[in-house]
Asker: 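Below: one structure in structure tokens.
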Amino acid sequence: MTPPVSAAPAPGSTDPSIIRNFCIIAHIDHGKSTLADRMLQLTGVVDERAARAQYLDRMDIERERGITIKSQAVRMPWTVPDGNAEGAEPGQYVLNMIDTPGHVDFTYEVSRSLEACEAAVLLVDAAQGIEAQTLANLYLALGADLHVIPVLNKIDLPSAQPEKYAAELAGIIGCDVDDVLQVSAKTGFGVEALLNEIVTQTPAPVGDPDAPPRALIFDSVYDIYRGVVTYVRVVDGKLSHRDRIQMMSTGAVHEMLEVGVISPEPVKADHLGVGEVGYLITGVKDVRQSRVGDTVTSQHKGATEALGGYKHPVPMVFAGLFPIDGDDYPTLRDALDKLQLNDASLAYEPETSGALGFGFRCGFLGLLHMEITRDRLEREFGLELISTAPSVVYEVTMEDGTLHRVTNPSEYPTGKIAEVREPVVKATILAPSDFIGVIMELCQSKRGQLQGMDYLSEDRVEMRYVLPLAEIVFDFFDQLKSRTKGYASLDYEPIDDQAADLVKVDILLQGEPVDAFSAIVHRDSAYSYGVMLAGKLRELIPRQQFEVPIQAAIGARVIARETIRAIRKDVLAKCYGGDISRKRKLLEKQKEGKKRMKMVGRVEVPQEAFVAALSTTQPAEKSKK
Amino acid sequence: MPAAAFGVYLHVPFCATRCGYCDFNTYTATELGGGGAQAEWATWAEAEVALAACTVGRREAETVFFGGGTPTLLPSADLVRALDAVRRELGLAADAEVTTEANPDSVTPESLAALREGGFTRVSFGMQSAVPHVLRVLERTHDPEGVARAVAWAREAGFAEVSLDLIYGTAGESLADWRRSLEAALACEPDHVSAYSLIVEGGTRLARQVRSGLVAAPEEDDLARKYELADELLTAAGLSWYEVSNWARTPAARCRHNELYWESADWWGIGPGAHSHLDGERWWNLKHPSAWAGRLAAGESPADGRETLTADDRHLERVMLELRHVSGLPLALAPPERVDAVVARGLAVRRDDRLVLTDRGRLLADAVVRELVA
């Protein structure tokens, strides 16, 4: 039986020796949220009735996409019973479950969450095996010196292959096949045993209770009622609600308004001690003032040395966001301001496009970050947006030695260029070995260099590539998924930059360049990019009363050309008594439609053409969410 | 202010078979219940004419037009009975134009003579094409030879005005096929020809066939070429265009009833689904014959919906309708700089105080309208 919560050790005065801080590393859909729910129920933190499915995931978008963007930490009391089969020391414990974001764009945030733990539960679907992102996060966990507890989930599924995947996990982390636990989060099978194993296997936190306080910020969330809620793991000393605290990266001082733990609702405490995980509220209104990875100390007699590993988030992918209706520009600006309160890695500045009007050049950690931000702008703020094709940061050195940092193809310098450098990533692809050939072909066409390849099991392979980030942000992931029937998974991490033979391709309509369609591409793919986009536009732009040539050009040299023939017929055959109302309404609709046209010179281009031409995904793939 | 011209339209919603391209309000069953049967149509049409007279009082119709469906599927006596009701309840101008649409298959010398005797002055035959494979795709059942015969019978019956309807752009129709149809139509020496490009209307069998790829959608450039060919051959044969899709041998041979629509005049629509317009007020009847008849049986208006036109609506309608006509749009109805732009591009010319479409402009009439009212 679970003890009542009131008997649990109080926050702030918990002996570090009974604290166990752990996280769960898992791929989307491998059942992390279900497992977390089950743990919350077993520990009595959430009762069965109140258990909202997937308690830890808050935002709608996360739920729809089945991913966790923002992590949180829940404190769970757990009593290990006498004579348990796992051989854990009986007694009362405090388990802090720290949720980690599960996607490629949030590697740094994952690493900070991991830093707050001593162990990681590696949760893998017993019917699917490990995925690339999970593997990448596992390596992060191993790099952070965490103890790894391998667990196969969904063993109740008829398609489960526990022996095969236990062997795979054992091979990857170097443990015995018998050490791989088997659970079914759905039915609850094995979850109690897992809690006992966590107690046994996770090292208790170690810190100096008498040293100046130092706590690691592993998450920071904006709440409209409370301002920024900062999640911390105390390493040394203690943080009291009476302290004034200092952020060590900036030196900024804040008044502490409240400290506490989440269980699963916020519970106020006097202070947080060594090894404890909880939250603090200071009244700041912007997560950029309370950055993930930073060290919190007290202003008075504070620590002098920060905990290691703080990095300022650097946007890697850039795109222009423009409201379809120009009147929505102020709404877009306000919406971005609001999102930034909760997203320290979102960067933006005003941008003007000849074709798309006023908007913002936005910087993102990666593609998913971009898509989520766009989704939220459209959904939460009711905006209709056009986004330009994503771009990376190029360093362009001119022959006269001047250096340009280009995040927007339309700012690509003209003149004699000595060198262009582009960011490259280390990519890990996991897939069934049947697909090795097609993956190699794809990576080769994307200028990838194979670094190595390992078999995880008989028929699953890990391939490591160095690839230009620009290729990844274009359509790599979609291509990978479609060529491997959805079986391949991808993870990538920026590592370096490289010189490359890159050129800017412009698209001209009736001789007028359309800035929104300019792209920086490798010289070898310039022709195919030009042909592809010109062809797309020929289909997307309605015929005008005059012929419209579409050209793709590098500088003054035209590399591809298409023509939209002049329209010859635009008249309804019949207009009699019963047709008049209908025809009038049709004309009114067309008049409205004209307002949504952008003029490029004399050419009317519908917004939809921009949206469709700039999307790299196939429409069919886009529609399924 | 003199009252606007007034016409009466009567909708006969019955056909022997339904053609795949047709989206008109028409039914093939002879025995629709609740008063919707073909045999009862004339009774309820009379009732609606009487109801119209209660609203507008005696107002002489300058034109009467029986459309469908296939009006001539009904016995001539039924059509004459409905026309008599118009004459009796509303009044009919001495020189009124009285038209019926007809399928070449559904007339005989006797039925045509009966119509002429009953006061009909004009017949419009749905010829569509003279090419068997085109008629097959259109699912028209008539024998192409039958058209010339029907026209001859109409002449014998004393109809001075005979019109032929043609459709171009059917899947599989070559330019030569279309020329053949035009030449066959002209061989009948009609006073009037209407030529319509095939429109794939939503909800029709044709639309489903196009969507599933069974039938090719009409191609705009092909339609434009065929329109130009029609204009060339019809003009050479002495028929001049007077509306985008209509050509007449003399101004007198124009369809006066249709001109009422294009002049925003008044008309009363009798029959299921018929539309009416009186001085900026439009309404339309219930579509199903049984529902329509049911209302009339209860002594109620069969109207299903209505709209009151705003000044802007009326302006937009005038521009879109009058521009389609050879007499053009009064220049006062469009901003001069827009008129200049349209004229400069060769889409229209100024003629006296009106703007008239050029040959090229006729094919781009909707674009011109949008530009003039934007």
Side-chain angles (χ1 to χ4, degrees), chain A residues 325-327 509-510 537-550 562-609 619-620 623, chain B residues 7 9 11 24-25 65 67 167-169 194-199 220-225 227-228 243-245 257-258 260-262 264 267 269 273-277 282 284 305 307 309 312-313 316-317 319-321 324 345 347 357 360-371 373-374:
Chain A
D325 181 343
D327 294 345
L509 282 186
Q510 264 211 330
L537 290 173
R538 189 173 64 99
E539 299 302 322
L540 291 167
I541 297 175
R543 293 165 70 179
Q544 320 270 317
Q545 285 177 31
F546 41 87
E547 189 176 284
V548 179
I550 307 169
E562 292 274 2
T563 304
I564 304 172
R565 282 174 305 144
I567 190 166
R568 293 191 53 205
K569 178 174 176 295
D570 182 1
V571 60
L572 275 192
K574 288 190 180 188
C575 201
Y576 298 115
D579 306 318
I580 296 173
S581 288
R582 195 164 63 135
K583 173 97 194 281
R584 188 189 72 238
K585 283 169 189 154
L586 182 69
L587 276 169
E588 276 162 359
K589 232 172 95 182
Q590 290 171 338
K591 259 170 69 180
E592 275 307 300
K594 219 175 151 88
K595 285 191 195 152
R596 289 166 67 96
M597 296 276 185
K598 297 274 186 191
M599 297 300 295
V600 175
R602 289 164 62 209
V603 184
E604 286 179 352
V605 183
Q607 299 282 9
E608 293 70 27
S623 61
Chain B
Y9 173 79
H11 189 75
F24 293 156
N25 186 35
F65 193 103
I167 290 181
Y168 57 92
S194 303
Y196 304 115
S197 65
L198 181 67
I199 303 171
E220 297 285 302
D221 287 354
D222 179 57
L223 296 178
R225 266 192 304 278
Y227 181 87
E228 285 163 355
E243 194 266 353
V244 168
S245 302
H257 182 80
N258 287 339
L260 293 190
Y261 297 140
W262 303 322
S264 307
W267 73 89
H275 284 240
S276 301
H277 172 250
R282 291 192 190 286
W284 44 91
E307 64 175 350
L309 302 177
D312 281 353
D313 291 341
L316 177 55
E317 287 189 358
V319 175
M320 81 180 193
L321 294 170
R324 292 172 67 94
R345 292 210 309 281
L347 299 176
L357 292 175
R360 203 178 128 240
R362 269 187 272 156
L363 274 167
L364 295 170
D366 287 3
V368 175
V369 170
R370 283 196 298 275
E371 191 164 341
V373 297

Asker: CE of A:Met599 to CG of A:Leu509: how many Å apart, nearest 0.5 Å?
Answerer: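 With rounding to 0.5 Å, CE (A:Met599) is 11.0 Å from CG (A:Leu509).
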
Asker: Measure distances from B:Asp313 to the heavy atoms of chain A and classify the residue's part below 4.5 Å as side chain, backbone, both or neither.
Answerer: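 Contact with chain A is through both the backbone and side chain of B:Asp313.
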
Asker: Parallel, tilted or perpendicular: which one describes the rings of B:His277 and B:Trp267, with boundaries at 30° and 60°?
Answerer: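 Judged by the thresholds at 30° and 60°, the geometry between B:His277 and B:Trp267 is tilted.
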
Asker: Name the option with the most non-hydrogen atom pairs under 4.5 Å to chain A; the candidates are B:Glu220, B:Glu243, B:Arg324, B:Glu228.
Answerer: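 Option with the greatest count: B:Arg324.
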
Asker: Which bit of B:Tyr196 is near chain A, if near means a heavy-atom gap under 4.5 Å: side chain, backbone, both or neither?
Answerer: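 For B:Tyr196, the contact with chain A is made by backbone and side chain together.
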
Asker: Is it the backbone or the side chain of A:Ile567 that comes under 4.5 Å from a heavy atom of chain B, or both, or neither?
Answerer: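 Its backbone and side chain both get close to chain B.
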
Asker: Ignoring hydrogens and angles, tell me if any N or O in the side chain of B:Tyr227 forms a donor-acceptor pair with the backbone of B:Val244 under 3.5 Å.
Answerer: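 Side chain of B:Tyr227 to backbone of B:Val244: a pair is present.
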
Asker: Locate the shortest heavy-atom distance separating B:Ala367 from A:Asp570; write the atom from each residue and the value.
Answerer: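 The answer is CB-OD2, 3.4 Å.
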
Asker: Counting only heavy atoms closer than 4.5 Å, note whether B:Leu321 contacts chain A via side chain, backbone, both or neither.
Answerer: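 Answer is side chain: those atoms of B:Leu321 sit under 4.5 Å from chain A.
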
Asker: Which atoms of B:Leu347 are under 4.5 Å from chain A, going by heavy atoms: the side chain, the backbone, both sets, or neither?
Answerer: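 B:Leu347 touches chain A through side-chain heavy atoms alone.
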
Asker: Between B:Arg360 (side chain) and B:Arg345 (backbone), is there a donor-acceptor pair under 3.5 Å?
Answerer: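 Yes; judged by distance alone, with no hydrogens or angles, the pair exists.
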
Asker: Measuring heavy-atom distances to chain A, does B:Leu223 have an atom under 4.5 Å in its side chain, in its backbone, in both, or in neither?
Answerer: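 Answer is both: backbone and side chain atoms of B:Leu223 are under 4.5 Å from chain A.
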
Asker: Measuring heavy-atom distances to chain A, does B:Val369 have an atom under 4.5 Å in its side chain, in its backbone, in both, or in neither?
Answerer: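 For B:Val369, side-chain heavy atoms alone lie under 4.5 Å from chain A.
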
Asker: Measuring heavy-atom distances to chain A, does B:Leu316 have an atom under 4.5 Å in its side chain, in its backbone, in both, or in neither?
Answerer: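 The side chain, not the backbone.
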
Asker: Looking at residues at least two apart in the chain, or sitting in another chain, which of them share a side-chain contact (heavy atoms from CB on, under 4.5 Å) with A:Phe546?
Answerer: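 So A:Phe546 forms a side-chain contact (heavy atoms from CB on, under 4.5 Å) with A:Gln510, A:Gln544, A:Val548, A:Arg602, A:Val603.
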
Asker: Would you mind checking which part of A:Lys585 comes under 4.5 Å of any heavy atom in chain B, side chain (CB onward), backbone (N, CA, C, O), both or neither?
Answerer: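 A:Lys585 touches chain B through side-chain heavy atoms alone.
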
Asker: Using the side-chain contact (heavy atoms from CB on, under 4.5 Å) criterion, which residues pair with B:Asp221? Sequence neighbours excluded.
Answerer: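 Partners of B:Asp221 by the side-chain contact (heavy atoms from CB on, under 4.5 Å) criterion, ordered by chain and then number, come out as A:Arg543, A:Arg565, A:Arg568, B:Glu219, B:Arg225.
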
